[in-house]
Number of protein chains: 6
Amino acid sequence: MDTWLPTLITETPQKGYELALLLSRKAVGMIQPDENIRKMLRPGYSSDADSLTMASQVVAINFQIVAAANNYWIEK
Amino acid sequence: MDTWLPTLITETPQKGYELALLLSRKAVGMIQPDENIRKMLRPGYSSDADSLTMASQVVAINFQIVAAANNYWIEK
Amino acid sequence: MDTWLPTLITETPQKGYELALLLSRKAVGMIQPDENIRKMLRPGYSSDADSLTMASQVVAINFQIVAAANNYWIEK
Amino acid sequence: MDTWLPTLITETPQKGYELALLLSRKAVGMIQPDENIRKMLRPGYSSDADSLTMASQVVAINFQIVAAANNYWIEK
Amino acid sequence: MDTWLPTLITETPQKGYELALLLSRKAVGMIQPDENIRKMLRPGYSSDADSLTMASQVVAINFQIVAAANNYWIEK
Amino acid sequence: MDTWLPTLITETPQKGYELALLLSRKAVGMIQPDENIRKMLRPGYSSDADSLTMASQVVAINFQIVAAANNYWIEK
């Protein structure tokens, strides 16, 4: 299996936020591994406001993890 | 790419709250990058009470992160 | 802009709970700044049990923040 | 105003759990202060499985706060 | 009242997970004390995928509490 | 009963993420033990975008636990 998550440490908060987005997408990919189905779902999904809000919530929860792992980038 | 999140540190709790709002909006923008679609969604979305509650929940989760990063602004 | 959140510190847990409620309402106000629309939404919203539960969840998440900021009012 | 939350400290985990339930109910009461409306909502609400699950989630979030405040009752 | 939660400490992570499940069910029982209504709800509820996901989320939140209480069973 | 969760410690963040996925699935299995019903639910569930988002949120919450247990794999 590919290594897609070698570390939770990022250089900046912004890169941490991007990692949080990656984590969120990865879960979807692990639950529904069929890329064709996922592609089919995306247009409807990303045009519905509540769906977007729900997705942004998952990003926020993952960002909690990444931010804590990086001690909120305070030393930097 | 633009730097939009150089730090999680803010001067005051209120500025931290505004950053939490920005984080929430940013996720939506990263998931749905098409600004036209987002603008189209906004009126309906922000006139539905449950949608507003869901969005305010994402802000709350992001505020948890920002508040922890700032040690709850206790020293200040 | 008005200062509406000078501190997360409150004298008692109960005042902290009220602050959590204020934080929850503030997010809604920042996302939907039009007070007339918000007033229109309120009756329906606060008469639907699931909407109330969702709103109480946002209060709970905000109370986590306020309670942690106050070290759970343990010294008092 | 009545004091209904003098402290987050409880003697036992079980009493802490009951306090979490009280906190959850209190938010609902503060958002919808009209007891008659709340009573009207209760039968439908507590007979719907998803509504019950959502409500139990709010209890869980509040229990996180109470448990942390009591240091998980470890010393006792 | 019966003592059903004497402690959050468990011997193993797995027993902690079972306690998280118990906590989730207990909230439902405290909100809807009528066992007959709960039994009536169960078949429909546990055959709906989203309902199951929602319920598993409550278990996850409760497991956060139990895991933290046990310091993640690290010493063992 | 089988031991399926001997520890929360994993070698890498990625293995921790997989454990979070296992935890999420385990809760569903404990709430609905009938494998036939679960298999029947899966196709519909994993083809609905909001269902996938909800499921990915449970994974995120479980990953918070696993990541904290492993101190975010910082020493490694």
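Below, each value reflects all heavy atoms present in this structure, side chains not excepted, and no hydrogens, waters or symmetry copies. Chain letters run A, B, ... following the sequence lines, proteins first and then strands; every chain starts at 1.
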Worksheet item: chain C heavy atoms under 4.5 Å from D/Ser51: which part of the residue, side chain, backbone, both or neither?
Response: both

Fill in: Side chain / backbone / both / neither for D/Leu23 at chain C, heavy atoms under 4.5 Å
both

Worksheet item: For D/Leu5 and C/Tyr17, which heavy atoms make the closest approach, and how far apart are they?
Response: CD2-CB, 4.4 Å

Worksheet, complete the sentence: Minimal heavy-atom distance between C/Ser56 and D/Ser24, with the atoms involved, is CB-O, 4.2 Å

Worksheet entry | Derivation of the side-chain contact (heavy atoms from CB on, under 4.5 Å) call for D/Leu8 and C/Phe63 | CA-CA 12 Å; D/Leu8 292 173; C/Phe63 190 47; 4.2 Å; yes

Fill in: Contacting region of C/Ala55 [heavy-atom separation from chain D under 4.5 Å]
both

Worksheet item: Who among C/Pro13, C/Ala49, C/Ala60 has the most heavy-atom pairs with chain D under 4.5 Å?
Response: C/Pro13

Drop me the distance from [X]'s [atom1] to [Y]'s [atom2], to the nearest 0.5 angstrom.
{"X": "C/Ile74", "Y": "D/Asn71", "atom1": "CD1", "atom2": "CG", "answer": "7.5 Å"}
{"X": "C/Gln57", "Y": "D/Gln57", "atom1": "CD", "atom2": "CD", "answer": "4.5 Å"}
{"X": "C/Glu18", "Y": "D/Met30", "atom1": "CD", "atom2": "CE", "answer": "5.0 Å"}
{"X": "C/Gln64", "Y": "D/Ile61", "atom1": "CD", "atom2": "CD1", "answer": "6.5 Å"}
{"X": "D/Arg25", "Y": "C/Leu52", "atom1": "CZ", "atom2": "CG", "answer": "13.5 Å"}

Item to complete: For side-chain contact (heavy atoms from CB on, under 4.5 Å), just list the numbers for C/Tyr72 and D/Asn70, CA-CA rounded to whole Å, side-chain angles, deciding distance to a tenth of an Å, and then say yes or no.
Response: CA-CA 9 Å; C/Tyr72 306 100; D/Asn70 286 278; over 6 Å; no

Worksheet item: Hey, does D/Ile31 have a side-chain heavy atom less than 4.5 Å from the side chain of C/Leu21?
Response: yes

Discussion item. Show, in sequence, the C-alpha distance, side-chain angles and deciding distance for C/Thr53 and D/Val58, and conclude whether the side-chain contact (heavy atoms from CB on, under 4.5 Å) test is met.
Written reply: CA-CA 8 Å; C/Thr53 303; D/Val58 182; 3.9 Å; yes

